[in-house]
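FYI, side chains are in, hydrogens and waters are out, and symmetry mates aren't considered; it's all heavy atoms of this structure. When a ligand or atom number is given, it counts from 1 through the structure's own listing order.
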Amino acid sequence: MIFDKSSTEFLMGIDSPEQLQKWLNEHPAIKGFAFIGRSNVGKSSLINAYFGQKTARVSKTPGRTRQVNIFSFSLCDDPEKRKYYLFDVPGYGYAEVSKEMGQNWQYLMNLFFNYISNQTVMINIQDARHPYLEADRSFFKYLKGFNLNTILVFNKMDKIKTQKEKHALKLKTPELFKIFKWVQQIHFVSAEKKDGLDSLEETMKIWLFKL
Ligand SMILES: Nc1nc2c(ncn2[C@@H]2O[C@H](COP(=O)(O)OP(=O)(O)O)[C@@H](O)[C@H]2O)c(=O)[nH]1
Ligand SMILES: [Mg+2]
């Protein structure tokens, strides 16, 4: 275990662009991670697996899913208990979202990606069964302009039943790097079965020290 679950604190949930801009302006050069993906892809499950019960409680609270939820955390083996930040960002690609809500999401996200410290790493989660859906591709096209470090994570690997299919997906990695050109790393995990989580956690930790 690298992230100290008992250190995770919920700081706030923000749905107002002005408030988000203010918070980000007041916290320049922060280090940490933002979890982003289509809704239902397993963002909360993955965040809970790494950062514990407090994050689970927040993500179950009604209304929180349309907010940027901000947490702080520390590393287990850091005696100084330096603070890092975790952002649970509302999911993209809702087909059912109203136009108005879609616009609010756009506005909030524009602010988020514009003002977030470039020492915060984007963790984009996609469904291993449906890699690079249209929503994921258009999100990447959008994210590209912001020049942020990004790790791509394929979740729900347990839903891919045969070894052959798993292998086939992994063989696609070079192709995936071509599609998502500026992605630094690609991981294959199952939040449910806890597969591949250690290696991703190690990668995330390395980024905290690299930036
Ligand atoms: N089979 C399987 N189901 C998962 C996995 N991760 C999440 N889920 C399920 O997918 C659904 C959505 O997960 P959630 O974490 O709420 O997704 P979010 O909307 O992206 O936050 C829930 O029913 C989870 O139990 C996984 O690795 N494997
Ligand atoms: Mg969620």
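- The aromatic rings of F113 and F146 sit tilted, their planes meeting at an angle between 30° and 60°.
- Here the heavy atom of the protein found nearest to atom 27 (O) of ligand 1 is A191 N, 2.9 Å.
- The option with the heavy atom closest to atom 10 (O) of ligand 1, from among K194, K156, K60, is K156.
- Selection from D127, N40, D88 by nearest heavy atom to atom 12 (C) of ligand 1 gives N40.
- The single protein non-hydrogen atom nearest to atom 16 (O) of ligand 1 is S44 CB, 4.1 Å, given as residue, atom name and distance.
- Given atom 15 (O) of ligand 1, the protein heavy atom at minimum distance is S45 OG, 2.6 Å.
- Protein heavy atoms are found inside the 4.0 Å sphere centred on atom 18 (P) of ligand 1.
- Q185 and W207 form a side-chain donor-acceptor contact under 3.5 Å, judged by distance and modelled atom types alone.
- Closest approach of F71 to K54, counting heavy atoms only: CE2-O, 4.3 Å.
- Using a cut-off of 4.0 Å between Lys/Arg side-chain N and Asp/Glu carboxylate O, K205 and E201 are scored as not salt-bridged.
- Residues T120 and L148 have side chains not in contact (no heavy-atom distance under 4.5 Å, counting atoms from C-beta outward).
- Protein N/O/S atoms closer than 2.8 Å to the Mg ion (ligand 2), listed by chain and residue number, are S44 OG.
- For the ring pair (Phe, Tyr, Trp, His ring centres under 6.0 Å) with Y85, the lone residue among W23, F51, F35 that qualifies is W23.
- Protein heavy atom at the shortest distance from atom 6 (N) of ligand 1 is N155 ND2, 3.2 Å.
- Looking at E192, K159, K43, R129 and measuring to atom 4 (C) of ligand 1, the nearest heavy atom belongs to E192.
- Separating the CD1 atom in I160 from the CD atom in E165 is a distance of 6.5 Å, to the nearest 0.5 Å.
- For the residue pair N124 and G37, the shortest heavy atom distance occurs at ND2-CA, 4.0 Å.
- Below 3.5 Å of separation, one finds no N or O of M157 facing any N or O of ligand 1.
- Residue contacts with ligand 1: G91 is excluded, as none of its non-hydrogen atoms falls under 4.0 Å.
- Considering every non-hydrogen atom in both F180 and D136, the closest pair reads CE2-O, 4.3 Å.
- Residue, atom and distance of the protein heavy atom nearest to atom 28 (N) of ligand 1 are D158 OD1, 2.6 Å.
- Here's the thing with G42: one of its N/O atoms is less than 3.5 angstrom from an N/O atom of ligand 1.
- None of W182, Y92, Y132 except one satisfies the ring pair (Phe, Tyr, Trp, His ring centres under 6.0 Å) rule with F140; the exception is W182.
- Within ligand 1, counting atoms from 1 as listed, the ones closer than 4.0 Å to a heavy atom of S190 are 27 (O).
- At distances below 3.5 Å, at least one donor-acceptor pair connects side-chain atoms of K81 with backbone N or O atoms of L75.
- Not one N or O on the side chain of E175 forms a donor-acceptor pair closer than 3.5 Å with the backbone of K172.
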